[in-house]
Structures are given as structure tokens and as C-alpha cells.
Protein chains: 2
Amino acid sequence: MATGRTHRTATRSRGIPEATVARLPLYLRALTALSERSVPTVSSEELAAAAGVNSAKLRKDFSYLGSYGTRGVGYDVEYLVYQISRELGLTQDWPVVIVGIGNLGAALANYGGFASRGFRVAALIDADPAMAGKPVAGIPVQHTDELEKIIDDNGVSIGVIATPAGAAQQVCERLVAAGVTSILNFAPTVLSVPDGVDVRKVDLSIELQILAFHEQRKAGEEAEAQADAVLAAEAEAAAAKGAGKGPDGDVPAVMPA
Amino acid sequence: MATGRTHRTATRSRGIPEATVARLPLYLRALTALSERSVPTVSSEELAAAAGVNSAKLRKDFSYLGSYGTRGVGYDVEYLVYQISRELGLTQDWPVVIVGIGNLGAALANYGGFASRGFRVAALIDADPAMAGKPVAGIPVQHTDELEKIIDDNGVSIGVIATPAGAAQQVCERLVAAGVTSILNFAPTVLSVPDGVDVRKVDLSIELQILAFHEQRKAGEEAEAQADAVLAAEAEAAAAKGAGKGPDGDVPAVMPA
DNA sequence: ACATGTGAACTAATTCACAGCC
DNA sequence: GGCTGTGAATTAGTTCACATGT
């Protein structure tokens with residue numbers, strides 16, 4: 001799928017790798033900081049350090065955008081800021097709606113990083129009628145009933161879901177039906193969407209679990225030999241139990257997040 | 001670095017791929033939901049659908065943990081929940097501190113998914129003396145002065161940074177110095193940490209920018225030919241300006257998030 | 001019959017290392 | 001001399017397809 005496209009101009013070829021796209025905002029932030037300090041140029045080495053990546057990766061990333069540097073010198077900060085902004089689509093205004101104005105939704109609405117960089121909170125939407133009209137971050141909350149109208153009136157194509165998990169899929173479907181094609185999901189659920197709709201998820205619980213995994217690793221590294229023996233025994237016991245469908249008193253009741 | 005380790009037991013080999021680790025929480029969530037509905041077994045196909053991945057990937061992922069399924073049948077839900085929980089280190093208790101109790105920090109403290117799954121908010125820390133003693137999510141906020149003592153007293157190894165960007169690196173250093181080895185960073189900054197410390201970042205602004213990139217792509221796909229011409233012209237103009245360090249009226253003033 | 005577990009094939013991403021240009 | 005830009009080499013991750021075991 002999505003082949004075709006006999007690249008028509010030499011503007012810039014097809015397909016910037018996804019991994020590269022994900023790093024562009026990082027570079028942009030570092031460059032913006034340099035720009036504010038009026039630094040005129042920067043080398044791949046310096047910029048890479050500021051962005052927390054290695055310089056080969058950065059140069060390769062930039063090579064997908066074009067040849068924007070000068071050999072022997074480095075990159076012009078202002079120019080790169082502009083090019084990356086344009087590549088990311090930040091030279092235009094993106095109206096965004098936030099659905100679910102609980103603790104998290106309110107925090108997001110108040111988050112400064114939102115307003116800057118071309119994103120504008122066009123509306124806050126919540127299912128609770130008691131919230132309707134109440135201003136959060138200076139914006140009056142509107143009721144879910146208005147969702148379709150809000151999307152349409154404001155030409156919103158990006159939606160943020162900050163509802164409880166149970167409501168997320170339904171909200172998602174309404175957003176998509178109303179014309180939203182990009183969703184940032186903070187609810188701890190897998191959203192299913194039709195082709196052509198992008199979803200990105202931000203999930204606190206998952207991040208913590210990944211950290212816990214590595215943390216456990218570290219602890220194990222210290223203990224080493226003795227722990228290894230213990231774990232082996234444990235694994236065997238567990239395997240035996242698993243096969244026989246043992247009592248669940250042992251199995252920790254892990255709650256859904 | 002980090003080579004060595006002549007795997008001592010056959011318990012389970014070294015190195016579960018990072019991509020797999022990142023999906024385990026997803027599987028766990030789907031399994032937990034099944035467990036609550038008292039579903040006894042599940043096939044890779046079904047579970048993969050629930051987790052939003054394809055079944056080959058899921059089976060491969062599980063193969064790194066061991067052979068926990070039954071051919072011709074599927075996976076025992078309870079047993080898998082236990083195995084994945086154990087692998088992720090969720091069978092133990094992880095005390096966590098949240099530093100920076102603003103809008104976001106408070107939202108995180110209130111977030112339910114935290115308390116479950118082995119994570120426990122051990123303390124809330126803020127630099128504002130006026131916050132000290134005030135309860136948030138039922139936990140009294142403590143002043144930053146106490147940071148080291150809190151980490152030490154509670155044996156905290158995971159810290160969450162929800163401070164403004166400017167304070168994040170400093171907070172990070174204090175956490176690390178006090179013994180924290182895993183950090184979840186919500187501040188829009190690159191943290192630099194010594195080897196052996198894990199950092200994961202959650203960055204609203206970056207996620208939105210990635211969505212904007214794809215969104216712009218979609219729009220461009222419709223416009224196609226005419227847009228291509230325009231962009232080419234634009235690029236040329238920009239190139240000319242960039243070389244000559246043009247007036248910044250044209251360059252969008254992109255703010256740091 | 002059926003669904004897992006896994007080598008093998010493939011695709012994506014990273015890193016190396018150096019030619020090319022200022 | 002120094003730093004970019006990029007092919008080539010390497011490593012990581014995904015998907016295929018089928019042998020294997022129940």
C-alpha cells in the first residue's frame with residue numbers, strides 16, 4: 001500500500017524515516033534555545049550534544065531534509081529552525097481540542113508548551129454538564145454534545161483525548177467521524193481507528209513499567225549468582241504451577257491501569 | 001561496555017529486546033482485562049488484536065520470555081499475567097516520588113494508574129514553601145529541602161520530574177545523587193545523567209509536532225501538484241534568505257516548549 | 001485440526017568511516 | 001583543518017511461513 005507516487009519534483013524525496021521525524025522536535029528545541037542566545041551557527045557535534053543524540057545520527061537525520069549545512073562550518077541556526085519548523089508543519093496554525101477536562105485535561109490545557117509552536121487550544125470538551133461554561137485556562141468548557149459542531153466550525157484536525165479509559169474509544173470515534181485525523185491519546189486504552197488516522201499514545205503507566213523492568217535488572221545485576229539460583233527455582237515452581245493451574249492466591253492481582 | 005556475562009543459568013537468556021519490553025505492559029493490560037472477565041485462555045490472534053499488534057509479533061515477543069503457551073490451545077490468561085508481571089518487576093513494590101507539584105504533578109499524583117500495579121506514590125516534593133504541608137491526592141507536599149532524606153528513608157529508586165524545564169536538570173542531579181536510578185521526565189528538556197541511570201521522557205509538545213508532521217503530509221497529498229510547485233518556490237526563496245541571514249519577520253518565532 | 005514457537009527473510013535504524021567541500 | 005553529507009557495514013526489529021507439539 002501507499003506505493004505509487006512517482007515523485008514529481010526534486011523538492012525533497014519521499015519518506016523521511018519515522019525515527020527521524022520523532023527527533024526533529026528535539027533538534028528544533030535545542031536550536032530554538034541557541035537562537036535565543038543569538039548563537040549564529042552550530043556544529044553537528046554541539047547540536048547533537050544539546051539534543052542528547054550522537055552527531056552521526058543527527059547528520060544523517062538532516063540529510064533526509066536536504067543539505068542545509070556548510071562543510072567546515074556547521075549549520076546556520078536561524079535557517080535550520082525555519083527549515084525544521086516548515087518540515088514539521090509548524091509554520092501553520094493547528095487548532096486542537098482537548099476532550100476530557102479532569103485533572104489531566106486541565107493540566108494539559110494549562111500547559112504552556114501547547115500555545116506556542118503553532119498549536120492553539122481551540123476548545124475544551126467534557127461530558128459533565130456541570131463543567132459546561134466553567135473556564136479552564138481561560139477557555140470555557142463545552143459539553144460533549146457540541147463536539148461535532150466545534151470540530152467543524154474550527155477546522156480541527158488534531159484531537160487530544162484525556163478522558164477515562166472507558167470513554168476513550170467512543171470519543172475517538174466521534175472525533176474521527178467529525179473529521180479529526182490525528183489523535184493524541186492519554187487514556188490507557190488501545191484505540192482502533194480507520195486507515196488514514198494517526199494515533200499517538202502517551203501512557204504514564206507503561207513508561208513506569210518499562211522503568212521498573214530495567215530497575216529490576218539493575219538490582220539483579222548486583223545480587224547476581226544467588227539471585228539467579230533463586231529465580232531458576234522460582235521459575236521451575238511457577239512452571240509446575242502453571243501447568244497444573246495452581247491456586248491464584250500466589251498470583252498477584254494486578255489491577256488495570 | 002556491558003558485555004561480559006557468560007549467562008550462568010539457562011533461566012532465560014540475556015537481552016529481551018527493548019521493543020519487546022515496551023510492549024509487555026500493553027499485553028499485560030489486555031490480559032488483565034481478560035482476567036477480569038474470567039476468560040481462561042486466549043490465542044495469540046485474539047490477544048494481539050486486543051493489544052493492537054499483529055500476532056506474529058506477539059508470539060515472537062513471548063518467545064523471549066519462554067514457552068508459556070500451549071500449542072493448539074493458546075495462553076493461560078492468569079499464568080501469563082503472572083509471568084509478565086514478574087518479568088516487568090511488578091511483583092514488587094516500587095515507591096515513587098513526584099517532584100514538581102504544579103498542574104501536571106498534581107494530575108499525576110491523582111492519576112489512578114499510579115497506585116495500582118506495584119507503584120506507590122511515596123512522596124510529593126515541590127520547591128514552593130507555600131505548598132509544603134498542603135495535601136494533594138491525600139499526600140502532603142514536602143519541600144525540596146527534604147528530597148535527599150525522602151529518597152533515602154523510602155528507598156526510592158524511581159523519580160518523576162514534573163517541574164518547569166529550567167529546574168529539571170538540577171532536580172535530576174539531586175535525585176540521582178540521592179540514589180534514584182530511573183527517571184520519568186515530563187519536563188521539556190533533555191536530561192543528562194550518568195551511566196546506569198535510565199531516563200524516559202514524556203513530552204506533549206513533541207508528540208503534537210509529530211502528529212502535525214503527518215497531518216501536513218495528508219493535506220499535501222490532496223493538494224499535490226500545485227502545492228509541490230508552491231513549496232519548491234518557497235524553498236528557493238527560503239534558501240536565498242537563509243544564506244543572506246534575512247529579516248526574522250518571516251521566520252516564525254518558535255518558542256521553546 | 002489447530003495454534004504455538006522459531007529459523008529465515010526482510011525491512012528499518014544506527015553507526016562507521018571517509019570522500020567532498022568550504 | 002575542520003565539518004558536512006553519505007555510501008557501506010552493522011545492528012535491531014518485523015514479518016513470513018512452517019515444523020512442532022498437543
Side-chain angles (χ1 to χ4, degrees), chain A residues 1-3 10 12-24 26-27 31 34 39-77 79-80 83-84 210 239 242-245, chain B residues 1-3 10 12-24 26-27 31 34 39-77 79-80 83-84 87 210 239 242-244:
Chain A
M1 61 176 90
T3 359
R12 197 78 287 284
S13 67
R14 215 78 308 269
I16 295 175
E18 192 53 37
T20 294
V21 172
R23 282 187 295 266
L24 292 181
L26 230 58
Y27 301 144
L31 283 163
L34 291 171
V39 176
T41 61
V42 67
S43 71
S44 64
E45 202 72 54
E46 294 164 327
L47 184 53
V53 303
N54 76 49
S55 63
K57 195 184 284 182
L58 177 143
R59 287 200 304 278
K60 178 68 89 177
D61 283 342
F62 285 177
S63 80
Y64 294 117
L65 309 185
S67 288
Y68 293 153
T70 309
R71 287 162 205 249
V73 178
Y75 301 93
D76 181 282
V77 172
Y79 183 53
L80 246 195
Q83 288 299 344
I84 296 179
I210 296 170
K245 196 71 91 15
Chain B
M1 63 184 84
T3 359
R12 196 79 289 282
S13 67
R14 215 78 309 267
I16 296 174
E18 191 54 35
T20 295
V21 172
R23 282 187 295 265
L24 292 180
L26 230 57
Y27 301 144
L31 284 163
L34 291 171
V39 176
T41 62
V42 67
S43 70
S44 63
E45 203 72 53
E46 294 164 328
L47 184 53
V53 303
N54 75 48
S55 63
K57 195 185 282 181
L58 178 142
R59 288 201 303 278
K60 177 69 85 176
D61 283 342
F62 286 177
S63 79
Y64 294 118
L65 310 185
S67 288
Y68 294 152
T70 309
R71 289 165 203 248
V73 178
Y75 301 93
D76 181 281
V77 171
Y79 182 54
L80 246 195
Q83 289 299 344
I84 296 180
E87 196 68 57
I210 295 170

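Numbers restart at 1 for each chain; the letters A, B, ... are given by sequence-line order, proteins then strands.
Listed by chain and residue number, nothing satisfies the side chain to side chain donor-acceptor pair (under 3.5 Å) test with A/Thr41 (two or more places apart in sequence, or in another chain). Here B/Tyr27 pairs with B/Phe62 under the ring pair (Phe, Tyr, Trp, His ring centres under 6.0 Å) rule; sequence neighbours left out. Evaluation of the side chain to side chain contact (heavy atoms under 4.5 Å, CB included) rule for B/Ala48 yields B/Val53, B/Ser55, B/Leu58 as partners, not counting sequence neighbours.
Between the B/Thr70 side chain and the B/Val73 main chain, no donor and acceptor come within less than 3.5 Å of each other.
For the atom pair A/Leu47 CG and A/Leu31 CG, the distance stands at 4.5 Å (nearest 0.5 Å).
Proximity of B/Asn54 to the phosphate of D/dT15: a side-chain N or O atom is located under 4.0 Å from OP1 or OP2.
Within the structure, every pair that satisfies the salt bridge (Lys or Arg N to Asp or Glu O under 4.0 Å) test and touches residues 54-72 of chain B, not counting sequence neighbours, is listed here: B/Arg23-B/Asp61.
The span of DNA chain C lying next to chain B, judged by atoms under 4.0 Å from heavy atoms, is bounded 5' to 3' by C/dC2 to C/dA8.
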**Study point:** Evaluation steps, side chain to side chain contact (heavy atoms under 4.5 Å, CB included), between A/Asp76 and A/Val42
**Key:** CA-CA 7 Å; A/Asp76 181 282; A/Val42 67; over 6 Å; no
**Study point:** Annotated protein contacts, base or backbone, on nucleotides 4-12 of chain D with a non-hydrogen cut-off under 4.0 Å, one of B, S, - each
**Key:** BBBBB----
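Other residues, nucleotides and ligands contribute over 12 non-hydrogen atoms within 6.0 Å of the CD atom of A/Glu18.
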